[in-house]
Amino acid sequence: MLLTISINTRDRSEMIDITSRVEEQLSRSGLKDGVCFLFVPHTTAGITINEHADPSVEVDIQAMFNKLVPWEGPYRHLEGNSAAHIKSSLIGNSVIVFVESGHLKLGTWQGIFFCEFDGPRSRKVHIRFQ
Ligand code: ZN
């Protein structure tokens, strides 16, 4: 079963914790043990798993990403958002989480983040529980 969650981002660069929304879809699906696949169908966004206990971690990740891949650069892509495409490839557009006893088997400090690199936009995350 393929599910989709919609996200409206507000900034050019943003990390949005979607863990509770994924857990909500999982509990509706009724799956007890299996696998949760998450896929972002965009070329200027991505998805990652990282610490969601301390919000300064996502601030640091974004700050260093912006330093590594500046918005202005010697890019050729005419749309003007090459930095977002590069960040999307660096962070990746899919993650897998195991499901155990009806819950995501994440580490204590882990959360699932949708990563916007060229917002604000309307975005989607596809989810498959199996
Ligand atoms: Zn582009």
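Indexing begins at 1, ligand by ligand and atom by atom, following the structure's order.
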Specify whether an N/O/S atom of S82 falls short of 2.8 Å from the Zn ion (ligand 1). no

Any N/O/S atom, side chain or main chain, of D118 closer to the Zn ion (ligand 1) than 2.8 Å? no

With carbon and hydrogen excluded and only N/O/S kept, which atom of E79 is nearest the Zn ion (ligand 1)? OE1

Does a donor on one side chain and an acceptor on the other come within less than 3.5 Å for T4 and H126? yes

Donor-acceptor pair, side chain of E116 and main chain of D11, under 3.5 angstrom: no

Whether the S13 and Q62 side chains hold a donor-acceptor pair (N or O, under 3.5 Å, no angle test) is what I'd like checked. yes

Just checking, is any N or O donor in the side chain of T44 or R123 under 3.5 Å from an acceptor N or O on the other one? yes

Taking the Zn ion (ligand 1) as the vertex, measure the angle between atom NE2 in H77 and atom OD1 in N81; round to 10°. 90°

